[in-house]
Amino acid sequence: MEQFIAFGIVGLSTAAIYAIIGSGLVLTFTTTGVFNFAHGAAGMMSAFVYWQFTVGWGVPTPIAVALVLLVFAPLFGLAFAKALAPTQGLGDAEKLVMTVALLSGLMLTARWIWSPDVARTLPRFFADQRPLQLGSVTITWHQALTMIVAVAVAVALRILLYRTRTGAEMRATVDDRALVGLTGADPQRANRVAWMLGIELAAVGGILIAPMVALDAAQLSLLIVSAYSAAIFGRLRSLPMTFLGAIVVGCLESYLTGYLPQNEYLPGLRLAAPALLLLVALLLFPHGRLRGRDRRLSPVPLPTVRGSAVFAVVVAVVGVMLATLLSESDLITYGLIFAFGVIALSFVPLAGFAGQISLCQLSIAGIGAVAYAHLGPDGQWWALLAAMAIAGAVGALIALPALRLSGVYLALGTAAFAVILDRWIFTLPSFEVFGVRIALFEQGSVDLVGPSLFGTPLTSTTQVTIFAAVVLGLAGFGVAMLRRSRLGRRLIALRDSEAAYATLGGNLLAAKMLVFSLSAAIAGLGGALYGMQLRSVTAEQFGFVAGLPIFLIVVIAGLGAVGSGLFTGAAYSGPLNALPVLFPALTNLVHVVPALGAIAFSGGFLGQGALAHLRHQWAAALRDRVAMAVLVGGLVLLWAARLGDVVNGYVFTAGALIAVIVVPRWATSRNRPPEPVVVPVEWLGIDRPWTTADKEVLDRGIATRS
């Protein structure tokens, strides 16, 4: 019994922190309509800043706490309010992208400033004081402080929301923003106050929990999963239910630590417990309609058959060029363009066509890699199809809960699924189900080889790279044909309105299971290609955090564009790998670029995506046969010169970039319609032939002068 109470005290202490963080999450969501995926990252940054003051610069603890909570956190909250203000009138996807970008960007920024290679710890509050004794139970002053702060936060929020004018404005903003404006209140001010308070609570939670765990950017940011679970208990609206949910989550974690049997299959379960609880809460609890949902839908481009076929050939040719130009080591790094391109392509039918937001595509790619590794150890070609089928079956499994979820809730559910795979399933040793032995990463790594096609095994990196490029081209062509098909039109109708789709006779279950399965099969294929390229992969390479930049780059490219696969693969494996080699000082900075691009996209700077801009710039060149002949001829000459060692790799790269930049501009200037010649009114019919429209111009000219 004593042990049970002791673990209960630990659980309540942790629950108090989750309650503080979760209440900030609920406060910002109900007031602003933005579900802040970066809420945990804000707490993480506050914890690092607190460490910098106390341990790094030796500032006394009370002053450091005051600086973080009274200066840094409010300013950080205002920065969040400023950054997210442009998304107020946008749909859930744009808001989600912005907060995911902030989450990814803040984690990378923290790693850039505070190197993860240096171990950092924080002392617990009042660690030198004698613990409290309640009978046989010992309570440290840090645990007592967390519970006291949680109670104080609950009381302060109650007073603020129900006893002050600012609280009344905030509650009124939740009900009707327009009506609040008519009564003379300021909804924008209520939003700013909500963001400042929300980030303030995240900072309090970050400072309190940092001494209890390792000071790591990813670990601290993902602790928010437990706060998510608490917030979902409160249906993102009720603060008392959020506190109750936090107690359930905190105590569950503590009792799992104390009473979970010693078993090699169960250690990961404790780590994944908050995500499991979040998934269960999402499925069991009813959810209200999300405010501001789907206010703006981007058009989905309709590719032509000829253009899609040409694009597939271009992708394969690019693969051949890379395979013949790069060294073995460079090809292992930059050849990942095509594998990542296939994984990114899996977002197009799912999120671009059907509007289903998923944050677990890289995790499903890991399932494809594992399945291919175990089914095709000698490169059996059919193992690739089997891996796609297994990944597709997992996708169908995800589609079942997706029937009850949409928007932010679906994103939360897929994120929870990714965390469960990351923390638990991928760490399991082999096990048997109905006599069938199932092995994943075997708590280590798995080896993959290229497939054997028509009796020819693809053993070299060059062969695997060309194979991956051909697969990306074929997969892109298939997705383009899906867009042109009746099924593609039905998926877009599903994205526009699920209610209207069902009312008109569409089967939501069949449509969602089909698109989730198809998307997962493509992701599984990409995972197998990824493993072939690297020859050996580990579970960490398919984690939830690793998948966030891919999602962000696909969004930047344009979710509905088939070319976003190649764009994402090239952006993720090209400049992000090349720039740190050329400029080592930018090693950490370049990884923030996807997050900055996503923030720019959500702010409206990229309109409908980067590919839409590129398509507009290349429109004239694609219609101009002379320009295309010059471009293709120039690239072929450069390729031949590089193969013959006439030019080096830098000259080839520079020449190709110049050709790609200059030719579209040249084609645009060649096809630009001539500027109309302005002729003075008195010279009409003299400098050029008289037209019927000139009579009106002449009448206006005479009338003006008169």
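Just so it is clear, the values below take in all heavy atoms, side chains as well, and ignore hydrogens, waters and symmetry mates.
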- Message: Testing the 3.5 Å rule here: is there a donor-acceptor pair between the side chains of T242 and S23?
- Response: no
- Item | Rounded distance [0.5 Å steps], CG in L78 versus CD1 in I199 | 10.5 Å
- Tell me yes or no: between the side chains of T146 and Q143, is some donor less than 3.5 Å from an acceptor? no
- Minimum heavy-atom separation for A557 to F567, with atom names? CB-CD2, 3.4 Å
- Item | Inter-residue atom distance I9.CD1 - S254.OG, 0.5 Å rounding | 9.5 Å
- Can you find a heavy atom in the side chain of F347 that is under 4.5 Å from one in the side chain of I550? yes
- Note on the structure: Value for CG (L27) from CG (N36), rounded to nearest 0.5 Å, stands at 11.5 Å
- Begin with the C-alpha distance, continue with both residues' side-chain angles, and end with the deciding distance and a verdict on side-chain contact (heavy atoms from CB on, under 4.5 Å) for T99 and L103. CA-CA 6 Å; T99 56; L103 167 65; over 6 Å; no
- Task: Answer yes or no: is there a donor N or O on one side and an acceptor on the other, between the side chain of Y50 and the main chain of L122, under 3.5 Å?
- Result: no
- Could you tell me the separation between the CE atom of M107 and the CG atom of L548, rounded to the nearest 0.5 Å? 5.5 Å
- Does the R120 side chain pair with the main chain of S115, one donor and one acceptor, at a distance under 3.5 Å? yes
- Message: Do I17 and M212 have side chains that approach each other closer than 4.5 Å (heavy atoms only, starting at C-beta)?
- Response: yes
- For L278 and S229 the tightest heavy-atom approach is CB-OG, 3.2 Å
- Message: Which residue in the set I209, V65, I21, I20 passes side-chain contact (heavy atoms from CB on, under 4.5 Å) when paired with V204?
- Response: I20
- Note on the structure: dist L75:CG -> F80:CZ (nearest 0.5 Å) comes out at 13.0 Å
- Begin from the C-alpha positions of F35 and Y409 and carry the test ring-ring contact (aromatic ring centres under 6.0 Å, His included) through to its verdict. CA-CA 10 Å; F35 186 89; Y409 297 122; 7.9 Å; no
- Message: Ignoring hydrogens, what is the shortest heavy-atom contact between W195 and T28? Give both atom names and the distance.
- Response: CE3-CG2, 3.8 Å
- Message: Minimum heavy-atom separation for M147 and I139, please, with both atom names.
- Response: CE-CG2, 4.5 Å
- Between E253 and Y18, is any pair of side-chain heavy atoms under 4.5 Å apart? yes
- What heavy-atom pair brings A546 and P549 nearest, and what distance separates the two atoms? O-CD, 3.4 Å
- Item | Student check: side-chain heavy atoms of F53 and V68 closer than 4.5 Å | yes
- Task: Would you check, one step at a time, whether the test side-chain contact (heavy atoms from CB on, under 4.5 Å) holds for F37 with L102?
- Result: CA-CA 8 Å; F37 265 86; L102 289 173; over 6 Å; no
- Item | Residue among L12, T14, L252 satisfying side-chain contact (heavy atoms from CB on, under 4.5 Å) with I247 | L12
- Task: Using the side-chain contact (heavy atoms from CB on, under 4.5 Å) rule, pick out the option among I357, L282, L359 that qualifies with L412.
- Result: L282
- Item | cation_pi(R158, Y162) dist<6.0 Å, angle<=45 | yes
- Indicate yes or no: at least one non-hydrogen side-chain atom of F29 is less than 4.5 angstrom from one of V34. no
- Answer yes or no: is there a donor N or O on one side and an acceptor on the other, between the side chain of S573 and the main chain of A570, under 3.5 Å? no
- Query: Between CD of Q52 and CD1 of I113, what distance do you get to the nearest 0.5 Å?
  - Reply: 9.0 Å
- Item | Working for side-chain contact (heavy atoms from CB on, under 4.5 Å), residues R423 and F544 | CA-CA 9 Å; R423 294 184 177 179; F544 168 65; over 6 Å; no
- Has the side chain of H142 got a donor or acceptor atom that lies under 3.5 Å from a matching backbone atom of L208? yes
- What closest approach, in Å, do L106 and A42 show between heavy atoms, and which atom pair accounts for it? CD1-N, 4.3 Å
- Under 3.5 Å, side chain of S445 to main-chain N/O of T538, donor-acceptor pair present? no
- Would you check if F125 and I207 make a side-chain contact, meaning some heavy-atom pair closer than 4.5 Å? yes
- Query: Can you find a side-chain donor-acceptor pair between Y334 and Q533 that sits under 3.5 Å?
  - Reply: no
- Message: Looking at Y259 and F4, would you say the former's side chain and the latter's main chain have a donor-acceptor pair under 3.5 Å?
- Response: yes
- Query: Side chains of T568 and F340: does their closest heavy-atom pair fall under 4.5 Å?
  - Reply: no
- Only one of I364, L421, I343, V537 clears side-chain contact (heavy atoms from CB on, under 4.5 Å) with F542; which? V537
- Compare all side-chain heavy atoms of Q541 with those of Y530 and state whether any distance is below 4.5 angstrom. yes
- Neighbour count >12 (heavy atoms, 6.0 Å) for atom OH, Y650: no
- Task: Carefully, step by step, assess L215 and F48 under the rule side-chain contact (heavy atoms from CB on, under 4.5 Å).
- Result: CA-CA 8 Å; L215 206 59; F48 270 101; 4.0 Å; yes
- Donor + acceptor pair across side chains of T138, Q133 (<3.5 Å): yes
- Task: Apply side chain to side chain donor-acceptor pair (under 3.5 Å) to T164 and list each qualifying residue two or more places apart in sequence or on a separate chain.
- Result: none
